[in-house]
Enquirer: 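Have a look at the structure that comes next, please.
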There are 2 protein chains.
Amino acid sequence: MSANSRLTIAAHALAWIGLYQRQGHEVATSEQIATSANTNPVVIRRLLGELRRAGLVESRRGAGAGWSLARELGTMTLLDVYEAVEPGPLFAMHRTTPDQGCVVGYGIQPTMQSIYEGIEETLRHELARVTLEDVLRDVLAAPR
Amino acid sequence: MSANSRLTIAAHALAWIGLYQRQGHEVATSEQIATSANTNPVVIRRLLGELRRAGLVESRRGAGAGWSLARELGTMTLLDVYEAVEPGPLFAMHRTTPDQGCVVGYGIQPTMQSIYEGIEETLRHELARVTLEDVLRDVLAAPR
DNA sequence: TTAGTTGCAACTTTCATTGTTACGACTGTG
DNA sequence: CACAGTCGTAACAATGAAAGTTGCAACTAA
């Protein structure tokens, strides 16, 4: 599966902003976050832009600009983040329509679709059980 | 998420072979399955090759060659298929190592890793609940 | 006014999957 | 034994998504 790292990077960014704010800073810049995540600031801005549309963060422009949390980390779950940054479904159907004249080709897509929907629902429940507060706590608890 | 269709196509192929055998045929060819799935026979042979390594199907060479099930559909779950055809993890880490000098950069990977492992375990349980017999039954029950 | 940062478009790079072609290996049938 | 049909597999092209990069206009605190 060609997994992408969007969820991971988004969680990283949120935890970073949250910690930075707890240290007394107002806003964090995409440059700082990109340095921590070892990637390009534009990648971070794109991701945070999606999180802003989902109401998880806010941005300020101009000098002394940057990003801040729109809600407490404890009220944000990985499901919120997942829905903000992951567009498509977990499993894909055939890239081309299967032979509709064949019994299997005809019935396979609705069948798999319904199975996949159930599985994705379970996945959502799992993601909803973890808050970003949990993530930050675990991050800080990592042994040095 | 760039979902791929390997699990879907593999389930399609297994259901097709299973149904074909119930109609009294010994083996199914990659050509026939490819026609039903509307793809290339080599794609099917590659996938079935992975399923053979996992002990789900058998192949016969020479004239009158083709593929047959190694086990009953009722004893095969989507988890068996998933493990046979999906190599990587569901979610990826950063593509480059995050800044190990940063507290978040240092702790984020172990943290997310452990969360993802729990989620994948749940996913496996869900996949294990569905047999290929279930899939074929649903496929045949699709309204015309 | 200036410096620092976001917002965003456009493009390139990278990578996995899928699709395609080609051909040797194998084996049942006549 | 020759032949036809199919698998097994390598090599390569095509496709598409994500990530990385560059450039610059817009904005705003100082």
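The chains referred to below are lettered A, B, ... by the order of the sequence lines, with proteins before strands, and numbering in each begins at 1. Because the structure is a prediction, the values reported are computed rather than measured. Below, all heavy atoms of this structure are taken into account, side chains as well, without hydrogens, waters or symmetry copies.
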Enquirer: OP1 or OP2 of dA19(D) sitting under 4.0 Å from any side-chain N/O of Ser5(A)?
Expert: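 So the side chain of Ser5(A) is within the cut-off, an N or O lying under 4.0 Å from OP1 or OP2 of dA19(D).
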
Enquirer: Using whole Å, report how far CH2 of Trp67(B) lies from C1' of dC7(D).
Expert: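 From Trp67(B) CH2 to dC7(D) C1': 7 Å.
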
Enquirer: Does a side-chain N or O of Ser30(A) approach OP1 or OP2 of dT5(C) to a distance below 4.0 Å, or not?
Expert: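 So the side-chain polar atoms of Ser30(A) never come under 4.0 Å of the phosphate oxygens OP1 or OP2 of dT5(C).
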
Enquirer: Could you tell me how far apart His25(A) (NE2) and dT5(C) (P) are, to the nearest whole angstrom?
Expert: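 Rounded to whole Å, this separation is 13 Å.
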
Enquirer: Between C1' on dT17(C) and CG on Leu7(B), what's the gap in Å once rounded to a whole number?
Expert: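 Rounded to the whole Å, the gap is 15 Å.
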
Enquirer: Output the rounded distance in Å from CG (Asn40(A)) to C1' (dT14(C)).
Expert: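 One finds 15 Å between C1' of dT14(C) and CG of Asn40(A), rounded.
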
Enquirer: Identify, residue by residue, the members of residues 49-64 of chain A with a heavy atom below 4.0 Å from DNA chain C, and return them in order of residue number, or none.
Expert: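 Only Arg52(A), Ser59(A), Arg60(A), Arg61(A), Gly62(A), Ala63(A) qualify.
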
Enquirer: Could you tell me whether Arg22(B) and Glu133(B) have a side-chain N and a carboxylate O separated by less than 4.0 Å?
Expert: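 So Arg22(B) pairs with Glu133(B) through a salt bridge.
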
Enquirer: Check the distance between dT5(C)'s P and Ile33(A)'s CD1 and give it to me in whole angstrom.
Expert: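 Checked: the CD1 to P distance equals 12 Å.
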
Enquirer: Do Thr131(A) and Met76(A) come within less than 4.5 Å of each other through their side chains, counting heavy atoms only?
Expert: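 When only atoms from C-beta onward are counted, Met76(A) and Thr131(A) do not touch, as no gap falls below 4.5 Å.
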
Enquirer: Roughly how far, to the nearest 0.5 Å, is the OG atom of Ser59(B) from the CZ atom of Arg61(B)?
Expert: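 Between Arg61(B) CZ and Ser59(B) OG, I get 7.5 Å after rounding to 0.5 Å.
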
Enquirer: For the residue pair Thr77(A) and Val130(A), establish whether any side-chain heavy-atom pair is separated by less than 4.5 Å.
Expert: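 In short, these two side chains do not touch, never coming nearer than 4.5 Å.
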
Enquirer: Using a 4.5 Å cut-off on heavy atoms from C-beta on, say whether the side chain of Trp16(B) contacts that of Cys102(A).
Expert: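 SC-SC contact between Cys102(A) and Trp16(B) confirmed.
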
Enquirer: Would you kindly give the CD-to-C1' distance between Gln32(B) and dC7(D), to the nearest whole Å?
Expert: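 It is 14 Å, rounded to the nearest whole Å.
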
Enquirer: With a 4.0 Å cut-off on heavy atoms, is Arg95(B) in touch with a base, just the backbone sugar-phosphate, or nothing at all?
Expert: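 Sugar-phosphate contact only.
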
Enquirer: Under 4.5 Å between side-chain heavy atoms, counting indirect links through other Ile/Leu/Val/Met/Phe/Trp/Tyr residues: same cluster for Leu7(A) and Val43(A) or not?
Expert: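 No: no chain of side-chain contacts under 4.5 Å links Leu7(A) to Val43(A).
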
Enquirer: On DNA chain C, does the nearest nucleotide to Arg45(B) precede the nearest nucleotide to Arg45(A) from the 5' side, or the other way round? Give the residue.
Expert: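 Residue closer to the 5' terminus by nearest nucleotide: Arg45(A).
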
Enquirer: Between dA16(C) atom P and Phe91(A) atom CZ, what is the distance in whole Å?
Expert: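 Taking CZ of Phe91(A) and P of dA16(C), I get 19 Å after rounding.
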
Enquirer: Which nucleotide in the set dT6(C), dT20(C), dT17(C) lies at the smallest distance from any side-chain heavy atom of Thr29(A)?
Expert: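 The closest nucleotide is dT6(C).
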
Enquirer: Can you identify which nucleotide, out of dA10(D), dT17(C), dC7(D), has its nearest atom closest to the Asn4(B) side chain?
Expert: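 Closest nucleotide to the Asn4(B) side chain: dT17(C).
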
Enquirer: Hey, quick one: are Val103(A) and Leu73(B) part of the same hydrophobic cluster, counting side-chain heavy atoms closer than 4.5 Å, chains of contacts allowed?
Expert: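 In one cluster: yes.
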
Enquirer: Glu31(B) has an atom CD; how far is it from atom P of dA4(D), in whole Å?
Expert: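 Going from Glu31(B) (CD) to dA4(D) (P), I get 18 Å.
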
Enquirer: Are Val27(A) and Val57(A) co-members of a hydrophobic cluster defined by side-chain heavy atoms under 4.5 Å apart?
Expert: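 Cluster IDs for Val57(A) and Val27(A) differ.
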
Enquirer: Between CD1 of Ile115(A) and CG of Leu127(B), what distance do you get to the nearest 0.5 Å?
Expert: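 If I round to the nearest 0.5 Å, the distance is 9.5 Å.
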
Enquirer: Evaluate Glu126(B) against Arg129(B) for salt bridge (charged side-chain N to carboxylate O under 4.0 Å, His left out), listing each step before the verdict.
Expert: CA-CA 5 Å; Glu126(B) 288 296 300; Arg129(B) 290 177 49 197; 3.3 Å; yes

Enquirer: Among dC8(C), dT18(C), dG20(D), find the nucleotide with the atom closest to the side chain of Val42(A).
Expert: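 Among the listed nucleotides, the one closest to the side chain of Val42(A) is dC8(C).
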
Enquirer: Below 4.0 angstrom, which residues in residues 101-110 of chain A have at least one non-hydrogen atom near DNA chain D?
Expert: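 Contacts with DNA chain D under 4.0 Å: none.
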
Enquirer: Name the closest nucleotide to the Ala65(A) side chain, picking from dG19(C), dT5(C), dT9(D).
Expert: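 Nearest listed nucleotide: dT5(C).
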
